[in-house]
Amino acid sequence: MDNQLQKQYFSTELLLWYERSKRDLPWRRSKNPYYIWVSEIMLQQTRVDTVIPYFHRFIEKFPTVAALAAAPESEVLKAWEGLGYYSRARNLQSAVREVHEQYNGIVPSDKAEISELKGVGPYTAGAILSIAYNQPEPAVDGNVMRVLSRYFALEDDIAKPSTRIGIERLAQGLIPAGEAGAFNQALMELGATVCTPRAPQCLTCPVQVHCAGRLAGIAEQLPVKTKAKPPRPERRAVALIVGSGAHGGQLLIRQRPQDGLLARMWELPHAELPPARSASAAEGVTPAAAPARGAQRRAARGGVPEESHDVVMAFLREHLAAADGIGIVPKAWFMNTEHVFSHILWDMFVYRCEAAAAALSSEAPNSLPPNYRWLNVNEMEEYPFPNVFLRIINEYKSLL
DNA sequence: AATACGGGGTA
DNA sequence: TACCCAGTATT
(Lines give C-alpha, C1' and ligand atoms only; values in the text may rest on other atoms or scores of the structure.)
Protein backbone atom coordinates (compact mmCIF):
# COMPACT_ATOMS: atom_id res chain seq x y z
CA MET A 1 0.00 0.00 0.00
CA ASP A 2 1.09 3.52 -0.69
CA ASN A 3 2.84 4.82 2.37
CA GLN A 4 1.08 8.17 2.36
CA LEU A 5 -2.33 6.55 2.13
CA GLN A 6 -1.45 4.16 4.94
CA LYS A 7 -0.66 7.15 7.15
CA GLN A 8 -3.75 9.11 6.19
CA TYR A 9 -5.95 6.12 6.83
CA PHE A 10 -4.33 5.56 10.21
CA SER A 11 -4.82 9.10 11.49
CA THR A 12 -8.39 9.41 10.23
CA GLU A 13 -9.62 6.06 11.52
CA LEU A 14 -7.79 6.35 14.83
CA LEU A 15 -9.33 9.74 15.54
CA LEU A 16 -12.84 8.48 14.69
CA TRP A 17 -12.33 5.47 16.93
CA TYR A 18 -11.11 7.64 19.79
CA GLU A 19 -14.06 9.99 19.66
CA ARG A 20 -16.46 7.11 20.17
CA SER A 21 -14.33 4.95 22.48
CA LYS A 22 -12.37 7.23 24.79
CA ARG A 23 -12.48 6.61 28.49
CA ASP A 24 -13.86 9.19 30.85
CA LEU A 25 -10.72 10.06 32.81
CA PRO A 26 -10.58 12.81 35.43
CA TRP A 27 -7.91 14.84 33.64
CA ARG A 28 -9.89 14.73 30.41
CA ARG A 29 -12.72 16.77 31.92
CA SER A 30 -10.87 20.06 31.58
CA LYS A 31 -8.02 21.62 29.65
CA ASN A 32 -6.56 23.29 32.69
CA PRO A 33 -2.84 23.07 31.87
CA TYR A 34 -1.98 22.56 35.54
CA TYR A 35 -4.32 19.56 35.77
CA ILE A 36 -2.88 18.13 32.56
CA TRP A 37 0.63 18.66 33.86
CA VAL A 38 -0.04 16.94 37.20
CA SER A 39 -1.71 14.01 35.45
CA GLU A 40 1.13 13.57 32.98
CA ILE A 41 3.77 13.52 35.70
CA MET A 42 1.77 10.98 37.70
CA LEU A 43 1.25 8.84 34.62
CA GLN A 44 4.97 8.46 33.94
CA GLN A 45 5.68 4.73 34.26
CA THR A 46 2.39 4.38 36.13
CA ARG A 47 -0.95 2.90 35.12
CA VAL A 48 -4.09 4.95 34.71
CA ASP A 49 -6.00 2.98 37.33
CA THR A 50 -3.26 3.58 39.88
CA VAL A 51 -3.14 7.31 39.17
CA ILE A 52 -6.85 8.15 39.33
CA PRO A 53 -7.28 8.25 43.13
CA TYR A 54 -3.95 10.06 43.57
CA PHE A 55 -4.95 12.64 40.98
CA HIS A 56 -8.24 13.41 42.74
CA ARG A 57 -6.59 13.77 46.14
CA PHE A 58 -3.71 15.82 44.77
CA ILE A 59 -5.88 18.33 42.93
CA GLU A 60 -8.18 18.64 45.92
CA LYS A 61 -5.24 19.35 48.20
CA PHE A 62 -3.27 21.50 45.73
CA PRO A 63 -5.91 22.96 43.37
CA THR A 64 -3.71 25.55 41.71
CA VAL A 65 -0.14 26.36 40.79
CA ALA A 66 -0.09 28.84 43.66
CA ALA A 67 -1.32 26.25 46.15
CA LEU A 68 1.28 23.68 45.18
CA ALA A 69 4.01 26.31 45.12
CA ALA A 70 3.19 27.33 48.66
CA ALA A 71 2.96 23.84 50.17
CA PRO A 72 5.67 22.27 52.35
CA GLU A 73 7.56 19.61 50.44
CA SER A 74 6.69 16.99 53.05
CA GLU A 75 2.99 17.47 52.30
CA VAL A 76 3.63 16.98 48.61
CA LEU A 77 5.60 13.82 49.25
CA LYS A 78 2.85 12.61 51.56
CA ALA A 79 0.32 13.12 48.75
CA TRP A 80 2.64 11.09 46.50
CA GLU A 81 3.17 8.36 49.09
CA GLY A 82 2.89 4.92 47.48
CA LEU A 83 3.04 6.22 43.92
CA GLY A 84 6.79 5.76 43.56
CA TYR A 85 9.48 7.66 41.69
CA TYR A 86 9.36 10.41 44.29
CA SER A 87 11.69 12.69 42.36
CA ARG A 88 8.64 13.27 40.17
CA ALA A 89 6.89 14.94 43.10
CA ARG A 90 9.93 16.96 44.16
CA ASN A 91 10.64 18.06 40.58
CA LEU A 92 6.98 18.88 39.96
CA GLN A 93 6.83 21.18 42.94
CA SER A 94 10.14 22.77 42.01
CA ALA A 95 8.90 23.39 38.48
CA VAL A 96 5.54 24.67 39.70
CA ARG A 97 7.36 27.17 41.91
CA GLU A 98 9.31 28.26 38.84
CA VAL A 99 6.07 28.74 36.90
CA HIS A 100 4.54 30.61 39.84
CA GLU A 101 7.46 33.01 40.08
CA GLN A 102 8.76 33.37 36.53
CA TYR A 103 5.59 32.92 34.48
CA ASN A 104 3.01 34.50 36.76
CA GLY A 105 1.48 31.10 37.40
CA ILE A 106 0.77 30.44 33.73
CA VAL A 107 2.07 27.10 32.45
CA PRO A 108 4.27 28.00 29.45
CA SER A 109 2.91 27.16 26.02
CA ASP A 110 6.34 27.58 24.45
CA LYS A 111 8.17 24.34 23.76
CA ALA A 112 11.60 25.58 24.82
CA GLU A 113 10.27 27.17 28.00
CA ILE A 114 8.19 24.21 29.13
CA SER A 115 11.00 21.79 28.30
CA GLU A 116 13.31 23.58 30.72
CA LEU A 117 11.06 22.82 33.67
CA LYS A 118 12.30 20.09 36.02
CA GLY A 119 10.75 16.73 35.32
CA VAL A 120 9.40 17.77 31.92
CA GLY A 121 11.07 15.69 29.25
CA PRO A 122 10.21 15.24 25.57
CA TYR A 123 7.11 13.13 26.24
CA THR A 124 5.62 15.38 28.91
CA ALA A 125 6.37 18.58 27.00
CA GLY A 126 4.59 17.19 23.93
CA ALA A 127 1.67 15.91 26.02
CA ILE A 128 1.03 19.23 27.75
CA LEU A 129 1.52 21.29 24.60
CA SER A 130 -0.80 19.11 22.55
CA ILE A 131 -3.48 18.31 25.12
CA ALA A 132 -3.70 21.65 26.94
CA TYR A 133 -2.75 23.98 24.08
CA ASN A 134 -3.48 21.82 21.02
CA GLN A 135 -0.05 22.45 19.57
CA PRO A 136 1.05 19.95 16.88
CA GLU A 137 3.78 18.32 19.00
CA PRO A 138 4.22 14.54 19.27
CA ALA A 139 3.92 12.83 22.66
CA VAL A 140 5.73 9.54 22.34
CA ASP A 141 5.50 7.16 25.27
CA GLY A 142 5.74 3.39 25.49
CA ASN A 143 2.24 2.96 24.08
CA VAL A 144 2.99 5.07 21.05
CA MET A 145 6.25 3.29 20.32
CA ARG A 146 4.47 -0.05 20.49
CA VAL A 147 1.51 1.01 18.32
CA LEU A 148 3.63 2.61 15.63
CA SER A 149 6.21 -0.18 15.68
CA ARG A 150 3.42 -2.61 14.91
CA TYR A 151 1.44 -0.55 12.46
CA PHE A 152 4.50 0.26 10.36
CA ALA A 153 6.30 -3.01 11.18
CA LEU A 154 9.33 -1.19 12.55
CA GLU A 155 11.96 -3.49 13.99
CA ASP A 156 14.19 -0.90 15.63
CA ASP A 157 14.95 -1.47 19.29
CA ILE A 158 12.67 0.88 21.22
CA ALA A 159 15.06 0.81 24.17
CA LYS A 160 17.43 2.98 22.12
CA PRO A 161 16.99 6.75 22.37
CA SER A 162 17.61 7.05 18.65
CA THR A 163 14.53 4.94 17.99
CA ARG A 164 12.38 7.22 20.11
CA ILE A 165 13.65 10.21 18.12
CA GLY A 166 12.69 8.53 14.88
CA ILE A 167 9.25 7.60 16.12
CA GLU A 168 8.71 11.16 17.30
CA ARG A 169 9.37 12.37 13.78
CA LEU A 170 6.99 9.78 12.42
CA ALA A 171 4.31 10.64 14.99
CA GLN A 172 4.58 14.35 14.28
CA GLY A 173 3.84 13.68 10.64
CA LEU A 174 0.68 11.78 11.54
CA ILE A 175 -1.02 14.56 13.51
CA PRO A 176 -4.18 15.74 11.73
CA ALA A 177 -4.48 19.51 11.43
CA GLY A 178 -6.02 21.04 14.53
CA GLU A 179 -6.35 17.67 16.29
CA ALA A 180 -3.04 17.25 18.06
CA GLY A 181 -4.46 16.74 21.54
CA ALA A 182 -7.10 14.24 20.53
CA PHE A 183 -4.76 12.40 18.19
CA ASN A 184 -1.95 11.98 20.70
CA GLN A 185 -4.37 10.72 23.31
CA ALA A 186 -5.95 8.40 20.75
CA LEU A 187 -2.57 6.85 20.02
CA MET A 188 -1.94 6.20 23.69
CA GLU A 189 -5.50 5.02 24.27
CA LEU A 190 -5.16 2.44 21.51
CA GLY A 191 -1.93 1.17 23.02
CA ALA A 192 -3.44 0.98 26.49
CA THR A 193 -6.71 -0.73 25.58
CA VAL A 194 -6.34 -2.56 22.24
CA CYS A 195 -2.76 -2.73 21.00
CA THR A 196 -1.57 -4.12 24.34
CA PRO A 197 1.96 -5.44 25.01
CA ARG A 198 0.80 -9.04 25.00
CA ALA A 199 -2.18 -10.55 23.23
CA PRO A 200 -3.14 -7.44 21.24
CA GLN A 201 -6.82 -7.41 20.29
CA CYS A 202 -6.26 -6.96 16.58
CA LEU A 203 -9.78 -8.05 15.71
CA THR A 204 -11.25 -5.00 17.42
CA CYS A 205 -8.55 -2.60 16.24
CA PRO A 206 -9.80 0.37 14.19
CA VAL A 207 -6.72 0.29 11.95
CA GLN A 208 -6.23 -3.46 11.60
CA VAL A 209 -6.72 -3.67 7.84
CA HIS A 210 -3.57 -1.65 7.07
CA CYS A 211 -1.46 -2.70 10.05
CA ALA A 212 1.81 -3.91 8.53
CA GLY A 213 2.76 -5.81 11.66
CA ARG A 214 -0.48 -7.76 11.71
CA LEU A 215 -0.39 -8.38 7.95
CA ALA A 216 3.15 -9.74 8.29
CA GLY A 217 2.07 -11.89 11.22
CA ILE A 218 4.63 -10.32 13.54
CA ALA A 219 2.46 -7.96 15.60
CA GLU A 220 2.97 -9.96 18.76
CA GLN A 221 6.73 -9.99 18.25
CA LEU A 222 6.82 -6.21 18.11
CA PRO A 223 8.11 -3.92 19.37
CA VAL A 224 11.69 -5.11 19.60
CA LYS A 225 13.09 -4.15 22.98
CA THR A 226 16.27 -5.24 24.76
CA LYS A 227 15.35 -6.55 28.15
CA ALA A 228 16.37 -4.87 31.36
CA LYS A 229 18.97 -6.24 33.72
CA PRO A 230 17.50 -8.07 36.70
CA PRO A 231 17.62 -6.18 40.01
CA ARG A 232 20.62 -6.81 42.21
CA PRO A 233 19.75 -8.54 45.50
CA GLU A 234 20.39 -6.87 48.84
CA ARG A 235 19.69 -8.23 52.31
CA ARG A 236 18.65 -5.79 54.98
CA ALA A 237 18.08 -6.09 58.71
CA VAL A 238 15.31 -3.76 59.85
CA ALA A 239 14.75 -2.44 63.37
CA LEU A 240 11.16 -2.03 64.52
CA ILE A 241 12.05 -0.01 67.62
CA VAL A 242 9.13 0.11 70.02
CA GLY A 243 9.10 2.89 72.57
CA SER A 244 8.10 2.60 76.19
CA GLY A 245 7.64 4.99 79.08
CA ALA A 246 7.57 8.50 77.68
CA HIS A 247 7.64 6.97 74.20
CA GLY A 248 4.94 4.38 74.78
CA GLY A 249 2.95 3.65 71.63
CA GLN A 250 5.68 5.12 69.46
CA LEU A 251 8.16 3.81 66.90
CA LEU A 252 11.60 5.22 66.18
CA ILE A 253 11.88 6.35 62.56
CA ARG A 254 14.42 8.26 60.52
CA GLN A 255 14.49 10.40 57.40
CA ARG A 256 16.50 9.25 54.40
CA PRO A 257 19.24 11.39 52.85
CA GLN A 258 18.48 14.38 50.63
CA ASP A 259 19.50 12.58 47.46
CA GLY A 260 19.29 9.15 45.94
CA LEU A 261 16.88 6.30 46.48
CA LEU A 262 13.67 7.38 48.24
CA ALA A 263 15.24 10.76 48.97
CA ARG A 264 13.81 12.56 52.01
CA MET A 265 11.26 9.83 52.69
CA TRP A 266 10.97 8.33 56.19
CA GLU A 267 11.77 4.76 57.10
CA LEU A 268 12.47 2.28 59.84
CA PRO A 269 16.17 2.17 60.71
CA HIS A 270 17.89 -0.65 58.88
CA ALA A 271 21.28 -1.92 57.80
CA GLU A 272 22.51 -3.84 54.81
CA LEU A 273 23.72 -7.34 55.60
CA PRO A 274 26.67 -8.96 53.82
CA PRO A 275 25.61 -10.64 50.57
CA ALA A 276 24.08 -14.05 50.92
CA ARG A 277 26.32 -17.01 50.26
CA SER A 278 25.10 -18.03 46.80
CA ALA A 279 23.89 -21.59 46.44
CA SER A 280 26.06 -22.18 43.41
CA ALA A 281 29.22 -20.97 45.12
CA ALA A 282 28.48 -22.89 48.27
CA GLU A 283 27.85 -26.18 46.56
CA GLY A 284 30.26 -25.76 43.74
CA VAL A 285 27.63 -26.25 41.10
CA THR A 286 27.47 -24.42 37.83
CA PRO A 287 25.19 -21.42 37.55
CA ALA A 288 23.00 -23.31 35.14
CA ALA A 289 22.36 -25.97 37.76
CA ALA A 290 21.77 -23.49 40.55
CA PRO A 291 18.22 -22.99 41.79
CA ALA A 292 16.34 -20.07 40.34
CA ARG A 293 16.69 -16.84 42.26
CA GLY A 294 13.03 -17.12 43.16
CA ALA A 295 13.68 -20.34 44.99
CA GLN A 296 16.45 -18.70 46.98
CA ARG A 297 14.13 -15.84 47.80
CA ARG A 298 11.45 -18.18 49.02
CA ALA A 299 14.01 -19.79 51.28
CA ALA A 300 14.79 -16.40 52.79
CA ARG A 301 11.14 -15.52 53.19
CA GLY A 302 10.49 -18.73 55.04
CA GLY A 303 11.58 -17.35 58.38
CA VAL A 304 15.32 -17.07 58.86
CA PRO A 305 18.23 -15.44 57.14
CA GLU A 306 21.27 -17.65 56.61
CA GLU A 307 22.72 -16.41 59.87
CA SER A 308 20.87 -17.14 63.07
CA HIS A 309 18.58 -14.44 64.35
CA ASP A 310 21.02 -13.81 67.17
CA VAL A 311 23.80 -12.99 64.74
CA VAL A 312 21.61 -10.65 62.71
CA MET A 313 20.28 -8.92 65.82
CA ALA A 314 23.82 -8.32 67.05
CA PHE A 315 24.76 -6.96 63.65
CA LEU A 316 21.79 -4.61 63.70
CA ARG A 317 22.54 -3.33 67.19
CA GLU A 318 26.21 -2.73 66.39
CA HIS A 319 25.48 -1.04 63.09
CA LEU A 320 22.98 1.43 64.49
CA ALA A 321 25.29 2.24 67.39
CA ALA A 322 28.29 2.83 65.14
CA ALA A 323 26.57 4.58 62.25
CA ASP A 324 23.97 6.72 64.03
CA GLY A 325 24.79 6.52 67.73
CA ILE A 326 21.47 4.83 68.41
CA GLY A 327 21.32 2.42 71.31
CA ILE A 328 18.85 -0.41 70.75
CA VAL A 329 18.19 -3.83 72.18
CA PRO A 330 16.87 -6.24 69.55
CA LYS A 331 14.36 -8.59 71.14
CA ALA A 332 12.92 -11.00 68.57
CA TRP A 333 12.37 -11.71 64.92
CA PHE A 334 9.16 -10.01 63.76
CA MET A 335 8.64 -10.69 60.04
CA ASN A 336 10.36 -11.01 56.70
CA THR A 337 9.34 -9.09 53.64
CA GLU A 338 10.62 -8.53 50.15
CA HIS A 339 10.58 -5.36 48.15
CA VAL A 340 11.40 -5.06 44.46
CA PHE A 341 12.60 -1.81 42.95
CA SER A 342 13.35 -1.70 39.26
CA HIS A 343 17.08 -2.02 39.96
CA ILE A 344 17.34 -3.44 43.51
CA LEU A 345 15.67 -6.32 45.33
CA TRP A 346 15.49 -6.02 49.10
CA ASP A 347 15.20 -9.15 51.21
CA MET A 348 14.29 -7.71 54.58
CA PHE A 349 14.47 -9.32 58.00
CA VAL A 350 12.56 -7.28 60.55
CA TYR A 351 13.29 -7.43 64.30
CA ARG A 352 11.29 -6.01 67.15
CA CYS A 353 13.61 -3.91 69.28
CA GLU A 354 13.54 -1.69 72.33
CA ALA A 355 15.47 1.48 72.93
CA ALA A 356 18.50 1.05 75.17
CA ALA A 357 18.19 2.54 78.62
CA ALA A 358 20.26 5.60 77.72
CA ALA A 359 17.88 6.60 74.98
CA LEU A 360 15.01 6.45 77.45
CA SER A 361 16.71 8.49 80.09
CA SER A 362 15.05 11.77 80.89
CA GLU A 363 18.54 13.18 81.36
CA ALA A 364 19.23 12.88 77.62
CA PRO A 365 15.90 13.37 75.89
CA ASN A 366 17.44 15.11 72.92
CA SER A 367 20.21 12.66 72.17
CA LEU A 368 18.66 11.48 68.91
CA PRO A 369 20.37 12.40 65.66
CA PRO A 370 18.51 15.17 63.81
CA ASN A 371 17.05 12.81 61.21
CA TYR A 372 15.47 10.56 63.85
CA ARG A 373 12.01 10.99 65.41
CA TRP A 374 9.68 9.12 67.68
CA LEU A 375 6.52 8.51 65.69
CA ASN A 376 3.06 8.08 67.15
CA VAL A 377 1.79 5.17 65.11
CA ASN A 378 -1.70 6.63 64.96
CA GLU A 379 -0.46 9.99 63.71
CA MET A 380 1.56 9.28 60.61
CA GLU A 381 0.22 12.00 58.35
CA GLU A 382 3.27 14.24 58.59
CA TYR A 383 5.72 11.59 57.52
CA PRO A 384 5.79 10.15 53.98
CA PHE A 385 6.91 6.52 53.95
CA PRO A 386 7.76 4.24 51.04
CA ASN A 387 5.33 1.35 50.72
CA VAL A 388 7.80 -1.22 51.94
CA PHE A 389 7.93 0.42 55.38
CA LEU A 390 4.20 1.14 55.42
CA ARG A 391 3.64 -2.59 55.03
CA ILE A 392 5.80 -3.36 58.05
CA ILE A 393 4.27 -0.62 60.20
CA ASN A 394 0.75 -1.64 59.25
CA GLU A 395 1.54 -5.24 60.14
CA TYR A 396 2.73 -4.03 63.53
CA LYS A 397 -0.36 -1.86 64.04
CA SER A 398 -2.65 -4.75 63.15
CA LEU A 399 -1.17 -6.73 66.04
CA LEU A 400 -1.60 -4.00 68.65
C1' DA B 1 24.67 4.49 25.91
C1' DA B 2 23.88 2.94 30.45
C1' DT B 3 22.08 3.44 34.91
C1' DA B 4 19.22 5.30 38.79
C1' DC B 5 14.80 5.85 40.14
C1' DG B 6 8.96 2.77 42.87
C1' DG B 7 5.41 0.20 42.75
C1' DG B 8 1.98 -2.63 40.92
C1' DG B 9 -0.98 -5.07 37.25
C1' DT B 10 -1.28 -9.02 34.28
C1' DA B 11 -0.66 -13.19 31.27
C1' DT C 1 7.74 -15.38 36.77
C1' DA C 2 8.47 -11.85 33.11
C1' DC C 3 7.12 -7.88 31.19
C1' DC C 4 5.94 -3.27 31.21
C1' DC C 5 3.48 0.77 32.47
C1' DA C 6 0.98 8.21 29.35
C1' DG C 7 9.63 8.70 31.40
C1' DT C 8 13.34 11.83 33.21
C1' DA C 9 17.82 12.96 35.01
C1' DT C 10 22.39 11.87 35.49
C1' DT C 11 26.68 9.96 34.28
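Protein chains get the first letters and strands the later ones, always in sequence-line order, with residue 1 at the start of each.
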Novice: C1' atom, dG6(B) versus dC3(C): distance in rounded Å?
Specialist: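 16 Å, rounded to whole Å.
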Novice: Whole angstrom is fine here: how far is it from CD in Q201(A) over to C1' in dA11(B)?
Specialist: 13 Å
Novice: Quick check on dG7(B): is either OP1 or OP2 less than 4.0 Å from any side-chain nitrogen or oxygen of H339(A)?
Specialist: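 The answer is yes; a side-chain N or O of H339(A) sits under 4.0 Å from OP1 or OP2.
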Novice: Using the C1' atom as the reference point in each nucleotide, state the distance between dC5(B) and dC4(C) in Å, no decimals.
Specialist: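 Going atom to atom, C1' in each nucleotide, I get 16 Å.
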Novice: If you measure only the distance, is there a donor-acceptor pair under 3.5 Å linking the side chains of Y123(A) and E40(A)?
Specialist: yes
Novice: Hey, does the side chain of T124(A) come within less than 4.0 Å of dT8(C)'s phosphate (OP1/OP2), counting only N and O?
Specialist: yes
Novice: Can you tell which of dG7(C), dG6(B), dG9(B) lies closest to the side chain of Q44(A)?
Specialist: dG7(C)
Novice: Measure the distance from CZ on R90(A) to P on dG7(C) and round it to the nearest whole Å.
Specialist: 19 Å
Novice: Would you write out the dot-bracket form of DNA chain B, 5' to 3', with Watson-Crick and G-U pairs under 3.5 Å, [ ] for crossing pairs, | for pairs to other strands and . for unpaired bases?
Specialist: |||||.|||||
Novice: Which of these nucleotides, dT8(C), dG8(B), dA6(C), is closest to any side-chain atom of N387(A)?
Specialist: dG8(B)
Novice: Does dA4(B) have OP1 or OP2 under 4.0 Å away from a side-chain N or O of H343(A)?
Specialist: no
Novice: Is the count of non-hydrogen atoms from other residues, nucleotides or ligands lying under 6.0 Å from Q201(A) atom CD greater than 12?
Specialist: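 Enclosed.
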Novice: Quick one: label R23(A) by what it contacts on the DNA or RNA (base, sugar-phosphate, nothing), any heavy atom closer than 4.0 Å.
Specialist: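 The residue R23(A) makes base contact.
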Novice: When the distance from CH2 of W80(A) to C1' of dG7(B) is rounded to whole Å, what number comes out?
Specialist: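 Whole-Å distance recorded here is 13 Å.
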Novice: Quick one: L222(A) CG to dC4(C) P, roughly how many Å, whole number?
Specialist: 12 Å
Novice: Between P on dA9(C) and CG on D259(A), what's the gap in Å once rounded to a whole number?
Specialist: 15 Å
Novice: Quick check for you: among dG6(B), dG7(C), dG7(B), whose closest atom lies nearest to any side-chain atom of D141(A)?
Specialist: dG7(C)
Novice: Test your reading of the model: is there a side-chain donor-acceptor pair from Q135(A) to the backbone of S109(A), 3.5 Å cut-off?
Specialist: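 Judged by distance alone, yes, a pair lies under 3.5 Å.
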Novice: What's W27(A) touching, base or sugar-phosphate or nothing? Going by heavy atoms closer than 4.0 Å.
Specialist: base
Novice: Please report the distance separating the P of dG9(B) from the corresponding atom of dT8(C), rounded so that it comes out in whole Å.
Specialist: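 Nearest-Å result for dG9(B) against dT8(C) at atom P: 23 Å.
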Novice: Separation of E40(A) atom CD from dA6(C) atom C1', in whole Å?
Specialist: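 The distance from CD of E40(A) to C1' of dA6(C) comes to 5 Å, rounded to the nearest Å.
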Novice: I41(A) has an atom CD1; how far is it from atom C1' of dG6(B), in whole Å?
Specialist: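 Atom CD1 in I41(A) sits about 15 Å away from atom C1' in dG6(B).
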Novice: Just to be sure I understand the rule, does V51(A) reach a base, reach only the sugar-phosphate, or reach nothing, if contact means heavy atoms closer than 4.0 Å?
Specialist: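 Since no nucleic acid heavy atom lies under 4.0 Å of V51(A), the category is nothing.
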Novice: Taking the nucleotide of DNA chain C with the nearest heavy atom to each, does S115(A) or L25(A) sit closer to the 5' end?
Specialist: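 Taking each residue's closest nucleotide, the earlier one in sequence belongs to L25(A).
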Novice: Give a yes/no on whether any side-chain N or O of Q45(A) is located under 4.0 angstrom from OP1 or OP2 of dG7(C).
Specialist: yes
Novice: Check whether any side-chain N or O of R150(A) sits under 3.5 Å from a backbone N or O of L222(A) as a donor-acceptor pair, and report yes or no.
Specialist: yes
Novice: Could you pick out which residue, F385(A) or P161(A), lies toward the 5' side of DNA chain B when each is mapped onto its nearest nucleotide?
Specialist: P161(A)
Novice: Quick check on dT3(B): is either OP1 or OP2 less than 4.0 Å from any side-chain nitrogen or oxygen of K229(A)?
Specialist: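 Yes, such a contact exists.
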Novice: Decide whether R28(A) and Q185(A) meet the rule of one side-chain donor and one side-chain acceptor closer than 3.5 Å.
Specialist: yes
Novice: For dG8(B) and dA9(C), measure between their C1' atoms and round to the nearest Å.
Specialist: 23 Å
Novice: Around E60(A), counting heavy atoms of other residues, nucleotides and ligands shown, do more than 12 lie under 6.0 Å from its CD?
Specialist: no
Novice: Within the 3.5 Å criterion, strictly below it, is a donor on R23(A) or T193(A) matched to an acceptor on the partner's side chain?
Specialist: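 Looking only at side-chain atoms, T193(A) and R23(A) do not form any donor-acceptor pair under 3.5 Å.
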Novice: Should E267(A) and R254(A) count as an ion pair when the cut-off is N to O under 4.0 Å?
Specialist: yes
Novice: Give a yes/no answer on whether the side chain of N91(A) brings an N or O atom under 4.0 Å of OP1 or OP2 in dA9(C).
Specialist: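 It does not, given that no N or O in the side chain of N91(A) lies less than 4.0 Å from OP1 or OP2 of dA9(C).
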Novice: For the side chain of Y123(A) and the base of dG7(C), is some donor closer than 3.5 Å to an acceptor across the two?
Specialist: no
Novice: Go through it in stages, so that I can follow the logic: the residues are W374(A) and H247(A), the test is side chain to side chain donor-acceptor pair (under 3.5 Å), and I'd like the CA-CA distance, side-chain angles, deciding distance and then a yes or no.
Specialist: CA-CA 7 Å; W374(A) 283 104; H247(A) 297 299; 3.3 Å; yes
Novice: So, is R146(A) close to the dC5(C) phosphate, meaning a side-chain N or O under 4.0 Å from OP1 or OP2?
Specialist: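 Yes, within the criterion.
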Novice: Measuring only the C1' atom in each nucleotide, how far is dT3(B) from dA6(C)? A whole number of Å is fine.
Specialist: 22 Å
Novice: Please state whether the base of dG6(B) and the side chain of T46(A) form at least one donor-acceptor pair under 3.5 Å?
Specialist: yes
Novice: Any side-chain N or O of Y86(A) less than 4.0 Å from the OP1 or OP2 oxygen of dG7(B)?
Specialist: yes
Novice: Considering heavy-atom distances to DNA chain B, does R198(A) or G82(A) have its closest nucleotide positioned more toward the 5' end?
Specialist: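 Nearest nucleotide further toward 5': that of G82(A).
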Novice: Among side-chain atoms of S244(A) and E354(A), is any donor-acceptor pair under 3.5 angstrom?
Specialist: no
Novice: Select base, sugar-phosphate, or nothing to describe what S87(A) touches, counting heavy atoms under 4.0 Å on all strands.
Specialist: nothing
Novice: Can you tell me how far P of dT3(B) sits from CG of L261(A), to the nearest Å?
Specialist: 17 Å
Novice: Would you mind telling me which of dC5(C), dG6(B), dA6(C) lies closest to the side-chain atoms of R47(A)?
Specialist: dC5(C)
